[in-house]
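Note sheet for the following structure.
Treat the numbers as computed from the prediction; the structure is a model and nothing was measured. Computed over heavy atoms, backbone and side chain alike; hydrogens, waters and symmetry mates excluded.
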There are 4 protein chains.
Amino acid sequence: MPNPDPGRRNESSRRAVLTATLDLLQEVPYARLSIEGIAARAGVGKQTIYRWWPSKAAVLFDAFLLLSETSSGESPRLPDTGDLRADLALVLKATAAELDDPRLSEPMRALATEVAHDEALAASYHERLDAPLRDAKRQRLRSAQEAGQLADDLDLDVAIDIIWGPVLNRWLQRGPVTDEYVDALLDTALSGLRPRRPAP
Amino acid sequence: MPNPDPGRRNESSRRAVLTATLDLLQEVPYARLSIEGIAARAGVGKQTIYRWWPSKAAVLFDAFLLLSETSSGESPRLPDTGDLRADLALVLKATAAELDDPRLSEPMRALATEVAHDEALAASYHERLDAPLRDAKRQRLRSAQEAGQLADDLDLDVAIDIIWGPVLNRWLQRGPVTDEYVDALLDTALSGLRPRRPAP
Amino acid sequence: MPNPDPGRRNESSRRAVLTATLDLLQEVPYARLSIEGIAARAGVGKQTIYRWWPSKAAVLFDAFLLLSETSSGESPRLPDTGDLRADLALVLKATAAELDDPRLSEPMRALATEVAHDEALAASYHERLDAPLRDAKRQRLRSAQEAGQLADDLDLDVAIDIIWGPVLNRWLQRGPVTDEYVDALLDTALSGLRPRRPAP
Amino acid sequence: MPNPDPGRRNESSRRAVLTATLDLLQEVPYARLSIEGIAARAGVGKQTIYRWWPSKAAVLFDAFLLLSETSSGESPRLPDTGDLRADLALVLKATAAELDDPRLSEPMRALATEVAHDEALAASYHERLDAPLRDAKRQRLRSAQEAGQLADDLDLDVAIDIIWGPVLNRWLQRGPVTDEYVDALLDTALSGLRPRRPAP
DNA sequence: TGCTAATCGAGACGGTACGTCAGGTCTTTAG
DNA sequence: CTAAAGACCTGACGTACCGTCTCGATTAGCA
């Protein structure tokens, strides 16, 4: 059941709106993205947008959802070669690359900032976008934990924050997220800030 | 000389604009903050705002600067009792408290999201707001490092990101930043994700 | 057979539309009367209206027709007591009263102004509504003429215009149509503007 | 003092709006005349119209006023050759010609129908447009009355209605207003409907 | 009496215009 | 010369209706 909405909603209009949104985000900054502009580009009446989405942010969210579903399978998984450090580096560097690609990063930036201002959108974001990803990350970490590569008493959600939080935060503050940064981050996070005890 | 602008700029108008901005942010979400609204509240002509600030974000930035200067001294310092863990917990929990107080968090949220979208503003932000804070943090960590409480080869900037990044990220995504979270984060970050003692 | 339309037209829907139109005209000014509003009030699909009427004005016209048929018999007649002056005063004062009653005057005003703008509607108006009334008026005047109360060479249609034209015109321009006005009008029209007896 | 409005109203914008209104009325029926269209044609922001006029009808009224001031002097007068019948015929036929010229008749029709629906506009209409004309008509009739060409006890306002009412009414109902009609009307109105007493 | 085609209520759709808000520029008046 | 005030053109907002177009679900005539 791809269409959760009742009524006689026109699927092709829905797609037109979402793709128009994504297209426009490549051309104008999010602040200049207007419902009117989306409707015009999509060849759709404004009312059709207002009928099905409560806000510009909601359109953006669905557009981003469309993008995510297209780019990846339904339930994402992290690679698991047995080498946690390598797997995480791979994923983080891929993420960093996405964050550099305007096709993904512009909608993402817009979504991130809208989430910061909109409680309801934040709930949707966590439920539909963040949770599946976080599950995949947790699963990979648990696998490593079971292999003895992570501390037994490690809080995996905190661990996820320690690995991904700095990257996202740096990106949002428009700092460069280089491969070197990822490597340094992973080394530091995995080993911890304190001195390791020298082997006796 | 806190006023870098030459000419016969009217300081009382400047203050009126900035305080009006902060006041309004307590009443309306940032998206609905308008130049007209600020001018009206400040009892100032619109042109006076356009004359001295290039954008709404710039006004916001100066307003936030005013707020920071008021709340703390010019060069902030982190407490240094010798107990790094305790000092960091104190600071992070204080930060978490500020992030819960709308008087600070609303302008902060607005600034953070504007920074994400505006390269020029991001530069100002890093230079005028982030850098001094980061210096203070780095200094505290260096002190700990010299006391042997942190690894000798630790990259202090990465360490700062690992400590503060998760908190800011979580806050921006509207997750609760509790004292428990801060404690768990600090424990995990300081010790690292890997087991301290590899199984023999 | 009052229903000239062939096919399987639903008479109850027709009535519902027309009475909804009349009802709404008591509540909102004609300019704000909408097809959607009529359909909703009538409990009828919009298409049903568009199927059977070419325009909002056509609906109004039929609604007015319904009103006229209800209030009077099919072929109206003017009273004929032999006293022309009295009969005309009676009729004109009754008309003035109707023009003061929103139940009739609102649809009437709407119809009159639509007629002014719509050639086709004007034709229908003259054929279906005005002609029968004018016939009745002409008949009454002819009766008076035959009784020697009106000039032999009088153009009855012009006479009708001289009697009813000022009243309708005054009403449309929102001037008060009082009994006194009717009396003065009749006296003046019947006697003419010129002095009856030229000075010797 | 041609500009009764306070503030810094831009006279050229005012003129542009009014002439655009008149121009558009030559191209589209009044019902299709939109504020948006006027603003676009006049090269003016919509807000400028909404700032100075309360409704589309008010714009129309001012436009018509402009037209009237242009076509005639400030205080209009009716010709007075001493021959009342001839003077009235001249004026009425000129009026009939105007009513046939779309340049005047379209705004006039629109104004007449708006007046029918809008009490406030009707007041303005009577004060600013109807009254001066009616004064001129009354003055001409009084002159005739003093010359003994009209009955001494004639109510001049009723007389005006009897002469002009039928013409306006016929025009609004889209009947043809021919010279023959005017002649018949004048003859009948001046002499009255009743038989004249034969000279003894 | 059952078939089938038109009609029905409902309402989504691409549009146009509404009347309002704000953006950023410009002009006017006062100090 | 600056500042408050606010008119101006522009563009987007979110809403109301337009007239057209599907949708099942009656429902009425003919077969």
With 3.5 Å as the limit, what N/O pairs link the protein to nucleotides 29-31 of chain E?
none

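Comparing B/G45 and D/A42 by the nucleotide of DNA chain F whose heavy atom lies nearest to each, the residue mapping closer to the 5' end is B/G45.
Within the 4.0 Å cut-off from OP1 or OP2 of F/dA3, at least one side-chain nitrogen or oxygen of B/W52 is found. Using a 4.0 Å cut-off, no side-chain N or O of B/T48 falls inside it from OP1 or OP2 of F/dT2. Side-chain N/O atoms of C/R51 include none lying less than 4.0 angstrom from OP1 or OP2 on E/dT7. Of the side-chain N and O atoms in D/S13, one or more sit less than 4.0 angstrom from OP1 or OP2 of F/dC9.
Partners of A/Y125 according to the side chain to side chain donor-acceptor pair (under 3.5 Å) rule, which considers only residues two or more places apart in sequence or in another chain, do not exist here. Evaluation of the side chain to side chain donor-acceptor pair (under 3.5 Å) rule for D/Q47 yields no partner, not counting sequence neighbours. In this structure, the salt bridge (charged side-chain N to carboxylate O under 4.0 Å, His left out) partners of C/R41, at least two apart in sequence or on a different chain, are C/E27. Among residues two or more places apart in sequence or in another chain, the salt bridge (charged side-chain N to carboxylate O under 4.0 Å, His left out) test is passed with B/E119 by A/R174. Applying the side chain to side chain contact (heavy atoms under 4.5 Å, CB included) test to A/S124 and every residue at least two apart in sequence or in another chain returns A/F61. Considering only residues two or more places apart in sequence or on other chains, C/R109 meets the side chain to side chain donor-acceptor pair (under 3.5 Å) condition with none of them. For A/E106, the side chain to side chain donor-acceptor pair (under 3.5 Å) criterion is met by no residue, not counting sequence neighbours.
Remark: P of E/dT7 and CZ of C/R14 are 16 Å apart, rounded to the nearest angstrom. Going from atom CH2 of A/W53 over to atom P of F/dG14 covers 15 Å, rounded to whole Å. Atom CD1 in C/I38 sits about 14 Å away from atom C1' in F/dG19, given to the nearest Å. Straight-line distance from the CD atom of C/E11 to the P atom of F/dT27: 16 Å, rounded to whole Å. Rounded to an integer number of Å, the gap from C/N10 CG to F/dT27 P is 9 Å.
Remark: side-chain polar atoms of C/T48 are not paired, donor with acceptor, to backbone N or O of C/V44 under 3.5 angstrom.
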Name every donor-acceptor pair, under 3.5 Å, that has one atom in a side chain of residues 15-26 of chain C and the other anywhere in the protein, sequence neighbours excluded.
residue, atom, partner, partner atom, Å
C/T19, OG1, C/R15, O, 3.0
C/T19, OG1, C/A16, O, 3.3
C/T21, OG1, C/V17, O, 2.8
C/Q26, NE2, C/P102, O, 3.3

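Pairs engaging residues 55-66 of chain D under the side-chain hydrogen bond (donor to acceptor under 3.5 Å, both in side chains) rule: D/W53-D/D62 [sequence neighbours left out].
Direction of the helix axis in the helix from E/dT4-F/dA28 to E/dG31-F/dC1 shifts by 20° between the two five-pair termini, rounded to 10°.
At a threshold of 4.5 Å between non-hydrogen side-chain atoms, the residues D/L111 and D/L129 count as touching.
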Going 5' to 3' along nucleotides 19-25 of chain E, which nucleotides have protein heavy atoms under 4.0 Å from the base (write B), which only from the sugar-phosphate (write S), and which from neither (write -)? BBBSBBB
